[in-house]
Every structure is written in structure tokens, then in C-alpha cells.
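What follows is one structure encoded as C-alpha cells, with my remarks underneath.
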Amino acid sequence: MNIVSWNVNSLNVRLPHVLRYLEAKKPDVLALQETKLPDEKFPRQAIEEAGYHVCFSGQKTYNGVAILSRAKPEDVLAGLPGFDDEQKRLVAATVDGVRIVNAYVPNGQEVGSEKYRYKFRWLDAFERFLAGELGRHERLVAVGDFNIAPTDADVHDPKRWRGKIMCSEAERERFARLLALGLTDAVRAVHPDAPMFTWWDYRLNAWARGWGLRIDHILASPAMQPADAGVDADERAAERPSDHAPVWASFK
DNA sequence: ATGGTTGTACGACAA
């Protein structure tokens, strides 16, 4: 089973990229974040014509998540249970017996800000939710834009980013706690040391300079052993790209 | 250089 996560930063703009990607890579599951579309404007027909089922939870202008899958999604859930939130950041579904959890974790804007505090409240609820899901589903993969670079190996310039948003010790501790639930970081399981980034800021010519962070992740339960994993960084070099590249993992 | 770009939507905010 091939599972991909991609923050597309507007599915309106990136629909051609997504359709081309589906045709080229034929993943079993493609989880999208930042679709920025209300549900009534979701391009369901184009995705179904490409041979995929889809479930989604979106809103106008901001956020929005979707799961595209070859097999029909079952037990679809939108939003974190017990966490009342207008922001559409989570959708989960069971695909081919595998529980797929697709998250767009809040960015946090700046360490110490109100949005930073919201990020931690959201992560609190997310951790509780994942613990429950792991109790119900032996085969589980949690993917998405976590907006956290787990270690300095996931940062182009650790000194420049030290203590900054997505790299603070408090955020990294929360990410470590997710792994402590029994999840494996699939990319790091396959590539323990290699610098691998998934996001490059649109500003400052960051892509051309190699100024990236690894903030998009695929976390797998013990029953899901990654056979291979990587980042399709060439998507960041495409015409009118998202600022994120797809991250993928294959499972036996 | 506390810089810069993109998306949404048409000013300002989020990332």
C-alpha cells in the first residue's frame, strides 16, 4: 500500500498538479491539506473520473483536508472529537482495512502567540484522539502537515531556526509524544540521517537555495512496517507549485 | 536586509 501526504495550498490552483500526480504515481491513498475549499465546491467529479474515491472536510479560504483513495473510504470522521473547532483540520477514514488519519496541524505563527497556544490545545486533542484510534485500529497511518520539524536533521539551517516556530523544543516534545504512542516516522525509518525536506518558503528564493524544513510526516503503527519512503521534491520545482512537496511511504 | 511570495479575494491575513 502506497500512502502520500501533500499540502497543496489551494486545491483550486493545484487540481491539475494533483490529477497529474495521481496519473503518474497511482498511489493507493493521497491525503491533502490546505484545500481551501468549502465542501460544496470540492472538485469531486474530476477526482472520481481519475479513478479515486474521496472524502473531505473543508471551508472557504483557509484549512481543509481530504483523503483520496483507490478503495472506498469507510467510517469517515471529520474533526477532532471533543474539540469544538471551526477550523477544518482533520479527516479520518478506513481504507482497505487501514485507518488513515489526515491532519493539518495549526502552524502556530510565532512562539508564544495566541495561535501558538491554539497549536498546543489542538495537539492535546490530537494526541488523545490518536491514542483512542490506535486502540481501535491495529493498522493505522497518521499523515499530514504537522508544522513541526522533529529534529535539527530536518532543518536546512538549525542555528537560524533554533527555538523558532516549527522547531521549538516544546513543539518537538509534542511530536516525540506522538511517536511515544507507538508510531514510527516512516521517512526516518527508511532514511535515518539524510537531509530530507518537505516545505520550502515561497519567499527568499528558499527552494533554489535549498532552505527547507521536514514538517510533513507519515507515522505508522507497529503493524504497518514501511518498505520504502521519500519526498517527491520535484513537485516543488513544478510550474506554479505548492510550497510543500508530497511525502510518501509504501507498506507491505 | 526582522527582508521576501503566494492564495484568497480585493484589504488584510495566514502561511
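Convention: sequence-line order gives letters A, B, ...; per-chain numbering from 1.
Here B/dT2 presents its P atom at 17 Å from CH2 of A/W161, a figure rounded to the nearest Å. Atom-to-atom, CD of A/Q87 to C1' of B/dC13 comes out at 13 Å; the value is rounded to the nearest Å. Atoms CZ (A/R240) and C1' (B/dT6) sit 8 Å apart, rounded to a whole Å. Separating the NZ atom of A/K88 from the P atom of B/dA14 is a distance of 18 Å, rounded to the nearest angstrom. Computed from coordinates, the A/D201 CG to B/dG4 C1' distance equals 8 Å when rounded to whole Å. Separating the CG atom of A/N107 from the P atom of B/dA15 is a distance of 5 Å, rounded to the nearest angstrom. When the P atom of B/dA15 is taken as reference, atom NZ of A/K115 falls 6 Å away, rounded to whole Å. Rounded to a whole Å, the CH2 atom of A/W211 is 10 Å from the C1' atom of B/dG4.
Where A/P241 and A/G108 meet DNA chain B, the nucleotide closest to each residue was compared, and A/P241 sits on the side nearer the 5' end. When the nearest nucleotides of DNA chain B are assigned to A/K36 and A/R89 by heavy-atom distance, the more 5′-ward of the two goes with A/K36.
A salt bridge does not link A/K115 with A/E110: every distance from a Lys NZ or Arg NE/NH1/NH2 to an Asp or Glu carboxylate oxygen is 4.0 Å or more. Between A/K119 and A/D124 no salt bridge is recorded (no basic side-chain N to carboxylate O distance below 4.0 Å). The pair A/E133-A/R136 counts as a salt bridge, with a side-chain nitrogen and a carboxylate oxygen less than 4.0 angstrom apart.
Taking atom C1' on both B/dG7 and B/dT2, the two are 23 Å apart, rounded to the nearest angstrom. B/dG3 and B/dC13 are spaced 16 Å apart, taking the P atom of each and rounding to whole Å. Taking the C1' atoms as reference points, B/dA1 lies 26 Å from B/dG11, given to the whole Å. For the P atoms, the distance from B/dC10 to B/dG4 is 25 Å, rounded to whole Å.
For the OP1/OP2 pair of B/dC13 and a distance below 4.0 Å, the side-chain nitrogens and oxygens of A/T61 include no atom meeting the criterion. Contact between the side-chain N/O atoms of A/K60 and the OP1/OP2 oxygens of B/dT8 is not found at any separation under 4.0 Å. For A/S10, no side-chain nitrogen or oxygen approaches OP1 or OP2 of B/dT6 to under 4.0 Å. Considering only side-chain N and O atoms, A/R14 lies under 4.0 angstrom from the phosphate OP1 or OP2 of B/dG7.
Closest to the A/N12 side chain, of the nucleotides B/dT8, B/dT5, B/dA14, is B/dT8. With distances taken from any side-chain atom of A/R203 to the nucleotides B/dA15, B/dT6, B/dT8, the minimum falls on B/dA15. Of the candidate nucleotides B/dG4, B/dA14, B/dT6, B/dG4 has the atom nearest to the side chain of A/L204. In the set B/dC13, B/dT8, B/dA15, the nucleotide with an atom closest to the side chain of A/E34 is B/dA15.
Cation-pi geometry between A/R203 and A/W211 is not met: the NZ or CZ atom fails to fall both under 6.0 Å from the ring centre and inside 45° of the normal. Annotation: cation-pi geometry not satisfied between A/R214 and A/F197 (NZ/CZ under 6.0 angstrom from ring centroid, within 45° of ring axis).
Shown here is A/Q45, whose CD atom has no more than 12 heavy atoms of other residues, nucleotides or ligands within 6.0 Å.
Using a 4.0 Å heavy-atom distance criterion, A/R160 is classed as making no nucleic acid contact.
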